[in-house]
Amino acid sequence: MRLFLFIPLLLLIISCTSNLEQSAWKIAEQSVTNREELIRFLEYYQKDSNKEKYEAACFLVRNMPNKYALGGSDQRRIYDIDIVKADSLIQSLEYSFQLKAECPYLKNYTFEQFCEYILPYRVANEPLEYYWKWDCTKRFGSGDSDNIIEAAQKINSQVKLELAPEFYKDSLKSYTDLMRTGYGKCDDRSALVVMALRSAGIPAAFELIPYWGSSNNGHSFISMILPNDSVITFQNDEKNGANVLPIRKIPKVYRKVYTINSKESHEDFSSECPELFACHDIQDVTGIHKIGSRDVAVDSGQDASVYLSVFSPKGWIPIAFSVDGNFKDMGTGTRDGVEESEEALDLGNGILYMPSDFNNDEVVPISMPIIVSNDSIRQVYPDTLHRETIRLTRKYPLNKRIIKFARMMIGGLFEGANQADFSDAEEIYRITDTPESRMQRVNIPSHKKYRYVRYRKYKRVFSIAEFSLFDLHGMPLCFQPIACEAILADSTMNAAFDNNPLTYYQVDGGVDLWIGADLGKRTIISMIGFAPRNDDNSVVPTDCYELFYWNDCWVSLGKRVPIDDAIIYENVPKGALLWLRDLTKGREERPFTYENGRQIWW
């Protein structure tokens, strides 16, 4: 009986290897631009006595057609299959097999895991380079531990990359650029750490969150793959292997893989589906990470693929697809399945999704939006027969990180004086509670005359975004900025006087620091204006806004310029999904519903 079971299994293995080999040779033979290099690479290992190396070479070529990097001034796709060199591939493969032979960690992994998480010459869509494989260990070490998790933690802690906002819109940087500049974005660091781990013989993968379910961006991080396919995650060198995902709501987690999920040839990777899925090089791994998720069924009424999309100010973004309307493991906005996101105030329970189609490179909604939470799935309908008046104060949820910045001003005080050394200083106003995360004015009822006014903080963090003074008519007073000796030489203090709420001046750990104003003469001050470090997403009377609600498309409820720190709209359909747009400035905006007099954010 065992013999009869063994023979079909052997035939299956031979068949699979044969199919892999045939596909690889077919791709090499049909290459128009790089046939000679691809064939030379395959022939080199076809003659090798190590059959695993030949299988690995076939694996690389078979799954190469969708691999690319963006290059040139037009950021066009440059496909690996058109430019790879046999000698470079051979050098990369030989180093991988050297790791396989010498690294004690890899003895517990399957050949398939080795091919996916050690062998590939690239991690994601970074510019093509090969030498990182043997260069990373020189820079970041090999972990120096018999424990694979401890080794990975040591390597991760050595990867120092300054994350700079100006790079967020750029494509992935090359390994050479990262080593030369030391700057990049979170995607660059994720790719670099995966390189460093693989270089040391530690299986690792580039994980991505295409778009958050509660804010306007995406994210990436690193998973170290254990032999049983469970993971240890790395976010940065501070949360080193803590397996803690960010507090934002996560709709989906995907893994960049080398294996092509479907399709046969280079020509098939086109724009027939959203960019995220076009190259068939991602694997849905939402279910293995510690986030709340559930299955969702969408009745599309059509035979084509269906997508679930999330909100973006630029349009709905597909983040999941299904051929039959049944979606697995859709995020519900919680961690560990129960803990709700602590990202911001007044976040709704669940994640907002739009059932969608994709035609002619456009996302087409096919039904009303749905909110998916741990305990329910509900549609969001506007009740156009019942309307209400609403009062709006923000266009974007108030992040708890921003509130922490405002708390830094607690204990600060404003003083007035007529002596330059403030020897006759009088307290005008003291901040005893968390101020609002916006520009605010405080009335000064005494109407005393002062030449000098300052904001002072005795200890801890000194932080302020704006400082201003107003006369009896509410008009801004002109003054010469002044500061204590410890601050005066720092030109960045001018950020507190530039009328830009997004700039700020902050010093950590100072003692008795202050900035202020010299009015030139004794002057009556009716109000003090100040702002803590903030996101400038509050409604302000200097901007023009337009409110929309969703009813198969975004329907305008008109443009308004508020007269104070809130904007009022009448005749708004109850229960509607709303979107407040700032037509003057800014780009951070999120949809919300209006419930019990509050904006509930999605």
Student: A cation-pi test, strictly: NZ or CZ of Lys67 under 6.0 Å from the centre of the six-membered ring of Tyr258 and no more than 45 degrees from its axis. Yes or no?
Tutor: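 Positive - Lys67 is close enough to the ring of Tyr258 and near enough to its axis.
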Student: Got a donor-acceptor contact below 3.5 angstrom from the Lys133 side chain to the Leu119 backbone?
Tutor: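 Looks like yes, one N/O pair under 3.5 Å.
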Student: Hey, are the side chains of Ile155 and Val193 touching, using non-hydrogen atoms and a 4.5 Å cut-off?
Tutor: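 When only atoms from C-beta onward are counted, Val193 and Ile155 do not touch, as no gap falls below 4.5 Å.
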Student: Is a side-chain donor or acceptor of Ser23 paired with a backbone partner of Arg62 at a separation under 3.5 angstrom?
Tutor: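 Answer holds: no.
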Student: Within a strict 4.5 Å, meaning less than it, do heavy atoms of the Thr492 and Gln506 side chains meet?
Tutor: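 They are not in contact (no side-chain heavy atoms under 4.5 Å apart), so the answer is no.
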Student: Tell me whether the rings of Trp316 and Phe311 are parallel (<30°), tilted (30 to 60°) or perpendicular (>60°).
Tutor: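 The rings of Trp316 and Phe311 stand perpendicular, inter-plane angle above 60°.
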Student: When you look at Ile319 and Tyr353, which way does the side-chain contact (heavy atoms from CB on, under 4.5 Å) test go after all the steps?
Tutor: CA-CA 9 Å; Ile319 51 88; Tyr353 296 101; 3.8 Å; yes
Student: Just jot down the side chain to side chain contact (heavy atoms under 4.5 Å, CB included) partners of Asp284, sequence neighbours excluded, or say none.
Tutor: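 Lys252, Tyr254, Thr286.
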Student: Under 4.5 Å between any side-chain heavy atoms of Asp498 and Asn494, yes or no?
Tutor: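 They are not in contact (no side-chain heavy atoms under 4.5 Å apart), so the answer is no.
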Student: Has the side chain of Arg189 got a donor or acceptor atom that lies under 3.5 Å from a matching backbone atom of Gly184?
Tutor: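 No; judged by distance alone, with no hydrogens or angles, the pair does not exist.
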Student: Please report the C-alpha distance between Ile118 and Lys100 in whole Å, then the side-chain angles of each, then the deciding distance to 0.1 Å, and finally whether the side-chain contact (heavy atoms from CB on, under 4.5 Å) criterion is met.
Tutor: CA-CA 9 Å; Ile118 295 291; Lys100 187 174 184 295; over 6 Å; no
Student: Considering residues at least two apart in sequence or located in another chain, which fulfil the ring pair (Phe, Tyr, Trp, His ring centres under 6.0 Å) criterion with Phe327?
Tutor: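 Not a single residue meets the ring pair (Phe, Tyr, Trp, His ring centres under 6.0 Å) criterion with Phe327.
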Student: What pairs of residues pass the salt bridge (Lys or Arg N to Asp or Glu O under 4.0 Å) test when at least one of them lies in residues 316-332, not counting sequence neighbours?
Tutor: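 Output for this query lists Asp295-Lys328.
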Student: If you compare all heavy atoms of Leu99 against all heavy atoms of Ala200, which two are closest, and at what distance to 0.1 Å?
Tutor: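 Nearest heavy atoms, Leu99 then Ala200: CD2-C, 4.3 Å.
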Student: May I ask you to say whether Glu588 pairs ionically with Lys395, meaning some side-chain N is under 4.0 Å from a carboxylate O?
Tutor: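 Salt bridge flag = no for Lys395 with Glu588.
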Student: Go through the structure and list residues passing salt bridge (Lys or Arg N to Asp or Glu O under 4.0 Å) with Arg590, not counting sequence neighbours.
Tutor: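 With sequence neighbours excluded, Arg590 shows a salt bridge (Lys or Arg N to Asp or Glu O under 4.0 Å) to no residue whatsoever.
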Student: Output yes when a side-chain donor or acceptor of Asp82 lies under 3.5 Å from a complementary backbone atom of Thr33, and no otherwise.
Tutor: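 Answer holds: no.
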Student: By salt bridge (Lys or Arg N to Asp or Glu O under 4.0 Å), which residues pair with Arg76, not counting sequence neighbours?
Tutor: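 Once residues adjacent in sequence are excluded, the partners of Arg76 under the salt bridge (Lys or Arg N to Asp or Glu O under 4.0 Å) criterion are Asp74.
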Student: Please name the pair of heavy atoms, one in Lys249 and one in Gly350, separated by the smallest distance, quoted to 0.1 Å.
Tutor: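 It is NZ-O, 2.7 Å.
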Student: Do you know the tightest heavy-atom contact between Ile225 and Tyr109?
Tutor: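 Scanning both residues, the minimum pair turns out to be O-OH, 2.6 Å.
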Student: So Phe221 and His289, do their side chains get closer than 4.5 Å, heavy atoms only?
Tutor: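 Yes - at least one pair of side-chain heavy atoms lies under 4.5 Å apart.
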Student: Describe, in one word, how the ring planes of Tyr130 and Tyr121 are oriented to each other, choosing from parallel (under 30°), tilted (30 to 60°) and perpendicular (over 60°).
Tutor: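 Tilted.
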Student: Please check if the number of heavy atoms outside Gln75 that lie under 6.0 Å from its CD is greater than 12.
Tutor: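 Atom CD in Gln75 is packed in, count exceeds 12.
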Student: Check whether Glu207 reaches the backbone of Val253 with its side chain - one donor and one acceptor, N or O, closer than 3.5 Å.
Tutor: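 No, Glu207 side chain to Val253 backbone: no donor-acceptor pair under 3.5 Å.
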Student: How would you list, by chain and number, every residue that makes a side chain to side chain contact (heavy atoms under 4.5 Å, CB included) with Ser199, sequence neighbours excluded?
Tutor: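 Checked Ser199 against side chain to side chain contact (heavy atoms under 4.5 Å, CB included); matches are Tyr95, Cys136, Thr137.
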Student: Mark yes when over 12 heavy atoms from residues, nucleotides or ligands other than Lys107 sit less than 6.0 Å from its NZ; otherwise mark no.
Tutor: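 Yes, NZ of Lys107 has more than 12 neighbouring heavy atoms, counting only those of other groups under 6.0 Å.
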Student: Counting only heavy atoms from other residues, nucleotides and ligands, does the tally under 6.0 Å from CD of Glu275 exceed 12?
Tutor: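 Counting other residues, nucleotides and ligands, CD of Glu275 stays at 12 neighbours or fewer.
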Student: Looking at residues at least two apart in the chain, or sitting in another chain, which of them share a salt bridge (Lys or Arg N to Asp or Glu O under 4.0 Å) with Asp87?
Tutor: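 Partners of Asp87 under the salt bridge (Lys or Arg N to Asp or Glu O under 4.0 Å) test: Arg40.
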Student: Apply salt bridge (charged side-chain N to carboxylate O under 4.0 Å, His left out) to Arg581 and Glu589, showing your working.
Tutor: CA-CA 7 Å; Arg581 299 207 61 193; Glu589 297 160 356; 3.5 Å; yes
Student: Name the orientation class of the two ring planes belonging to Phe111 and Phe97 (parallel below 30°, tilted from 30 to 60°, perpendicular beyond 60°).
Tutor: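 Tilted: the ring planes of Phe111 and Phe97 meet at 30° to 60°.
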Student: For residues Asp146 and Pro104, determine if any side-chain heavy atom of one lies less than 4.5 Å from a side-chain heavy atom of the other.
Tutor: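 Asp146 vs Pro104: side chains apart.
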Student: Check whether any side-chain heavy atom of Arg35 lies under 4.5 Å from a side-chain heavy atom of Glu29, and answer yes or no.
Tutor: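 A side-chain contact under 4.5 Å exists here.
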Student: To check you understand the geometry: which heavy-atom pair defines the closest contact between Ser312 and Ile317, and what is its length?
Tutor: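 Smallest heavy-atom distance, with atoms named: CB-CD1, 3.5 Å.
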Student: Does Tyr79 use its side chain to pair, donor to acceptor, with the backbone of Pro65 at less than 3.5 Å?
Tutor: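 No; zero donor-acceptor contacts below 3.5 Å.
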Student: Tell me, please, which residues at least two apart from Trp25 pass ring pair (Phe, Tyr, Trp, His ring centres under 6.0 Å).
Tutor: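 Trp25: no ring pair (Phe, Tyr, Trp, His ring centres under 6.0 Å) contacts found.
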Student: Got a donor-acceptor contact below 3.5 angstrom from the Gln113 side chain to the Thr110 backbone?
Tutor: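 Flag set: sc Gln113 to bb Thr110 pair under 3.5 Å.
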Student: Can you name the side chain to side chain contact (heavy atoms under 4.5 Å, CB included) partners of Ser145, sequence neighbours left out?
Tutor: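 Expected list: Asn147, Glu150, Ala151, Lys154.
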Student: Can you name the ring pair (Phe, Tyr, Trp, His ring centres under 6.0 Å) partners of Tyr45, sequence neighbours left out?
Tutor: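 For Tyr45 the ring pair (Phe, Tyr, Trp, His ring centres under 6.0 Å) partners, ignoring immediate neighbours, are Phe41.
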Student: As a quick check of understanding, evaluate side chain to side chain donor-acceptor pair (under 3.5 Å) for Lys314 and Asn216, giving each step before the final call.
Tutor: CA-CA 10 Å; Lys314 295 182 179 180; Asn216 302 333; over 6 Å; no
Student: Mind checking side chain to side chain contact (heavy atoms under 4.5 Å, CB included) for Ala191 and listing every partner two or more places apart, or none if nothing turns up?
Tutor: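 If we apply the side chain to side chain contact (heavy atoms under 4.5 Å, CB included) test to Ala191, skipping adjacent residues, the hits are Val123, Phe206.
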Student: Is the backbone of Asn50 close enough, under 3.5 Å, to the side chain of Glu52 for a donor and an acceptor to pair up by distance?
Tutor: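 No: the side chain of Glu52 does not pair with the backbone of Asn50.
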Student: Is the side chain of Ser31 donor-acceptor paired with the backbone N or O of Ile27 at a distance under 3.5 Å, no angle test?
Tutor: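 No: the side chain of Ser31 does not pair with the backbone of Ile27.
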Student: Taking the side chain from Asn63 and the backbone from Ile260, do they hold a donor-acceptor pair closer than 3.5 Å?
Tutor: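 Looks like yes, one N/O pair under 3.5 Å.
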Student: What is the ring orientation for Trp212 with His219, classed by angle as parallel under 30°, tilted 30 to 60°, or perpendicular over 60°?
Tutor: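 Ring orientation of Trp212 relative to His219: parallel.
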Student: Using the ring pair (Phe, Tyr, Trp, His ring centres under 6.0 Å) criterion, which residues pair with Tyr131? Sequence neighbours excluded.
Tutor: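 Here the qualifying residues are Tyr175.
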Student: State, yes or no, whether a side-chain contact exists between Met64 and Asn34 at a heavy-atom distance under 4.5 Å.
Tutor: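 No; the side chains remain at least 4.5 Å from each other.
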